[in-house]
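Heads up: the structure comes next, in structure tokens.
Please read these numbers as outputs of a predicted model, since none were measured by experiment. Any value given below was found using the heavy atoms of this structure, including those in side chains, with hydrogens, waters and symmetry copies removed. FYI, the numbering just counts along the sequence from 1.
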Amino acid sequence: MENELILRIFVSALLGGLIGLEREYRSKEAGFRTHFLVALGSALFMIVSAYGFGDSLNNDLQRWDVSRVAAQVVSGIGFIGAGTIIFRKTENMVSGLTTAAGLWVVAAIGLACGGGMFKVAIASTLLVLVGLEAFNYFLHKFDKKVRSEK
């Protein structure tokens, strides 16, 4: 059982790291290390929530809800994500929203890995990477059209 749980945190860290590499390559607010740690931490919280209290479950008077820790990960990641969002008053623009959303989805990928849902986590990681790269491609295409119209 322990090997399976170790595999879960390794896969989670790997998938979070892949998304983090893309963010690092784009020189965004949160890069490889942050995404790696958020994914790994989320998976570990899920594992501890699901399996860490097994000795305490022998009592019929107590009920444990493993989803409670997962829900707190979702709430807690908002705090980290908020730290990446910056409003630049002089430029009247907000930056860091995509990075915050990336941290949010990386936490979800970590929870999925922690729950043993590897296929869902891998598919989600691929969709995130496609979405980030496709958006970047189309943004540059649109930006070139705007510049040529001026």
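The OG1 atom of Thr98 lies 13.0 Å from the CH2 atom of Trp104; values are rounded to the nearest 0.5 Å. Here the straight-line distance linking atom CZ of Phe45 with atom CD1 of Ile77 works out to 10.0 Å at 0.5 Å rounding. Leu14 contributes atom CG, which lies 9.0 Å from atom SG of Cys113 (distance to the nearest 0.5 angstrom). Distance check, rounded to the nearest 0.5 Å: CD1 of Ile109 to CD1 of Ile122 gives 10.5 Å. Interatomic distance, Leu111 CG to Ile47 CD1, rounded to the nearest 0.5 Å: 10.5 Å. Leu129 CG to Leu126 CG: the interatomic distance, rounded to the nearest 0.5 Å, is 6.5 Å.
Val128 pairs in a side-chain contact (heavy atoms from CB on, under 4.5 Å) with only one of the listed residues (Ile19, Leu15, Leu18), which is Ile19. Checked against Leu103 for a side-chain contact (heavy atoms from CB on, under 4.5 Å), the options His35, Glu29, Arg23 give a single hit: His35.
With sequence neighbours left out, Ala108 forms a side chain to side chain contact (heavy atoms under 4.5 Å, CB included) with no residue at all. Here Ala112 pairs with Met117, Ala121 under the side chain to side chain contact (heavy atoms under 4.5 Å, CB included) rule; sequence neighbours left out. A search for side chain to side chain contact (heavy atoms under 4.5 Å, CB included) contacts involving Phe87 returns Lys89, Asn92, Val94, not counting sequence neighbours. Among residues two or more places apart in sequence or in another chain, the side chain to side chain contact (heavy atoms under 4.5 Å, CB included) test is passed with Ile86 by Arg88, Ser95.
For the pair Glu4/Arg8, a side-chain contact is recorded, criterion being any heavy-atom separation below 4.5 Å from C-beta on. Contact of the Tyr51 side chain with the Met1 side chain is registered, since non-hydrogen atoms from C-beta on lie closer than 4.5 Å.
Closest non-hydrogen pair, Ala39 versus Ser12, comes out as O-OG, 2.6 Å. Residues Val73 and Ala107 share a closest heavy-atom pair of CG1-CB, 4.3 Å.
Atom CD of Glu2 sits in a sparse spot, with 12 or fewer heavy atoms from other residues, nucleotides or ligands closer than 6.0 Å.
Under the 4.5 Å side-chain contact rule for hydrophobic residues, Val106 and Val74 share a cluster.
Within the structure, salt bridge (charged side-chain N to carboxylate O under 4.0 Å, His left out) pairs that include any residue of residues 107-135 comprise Arg26-Glu133 (at least two apart or interchain).
Within the hydrophobic cluster formed by Ile, Leu, Val, Met, Phe, Trp and Tyr side chains joined at under 4.5 Å, directly or through other members, Phe32 is accompanied by Leu21, Phe36, Leu37, Leu40.
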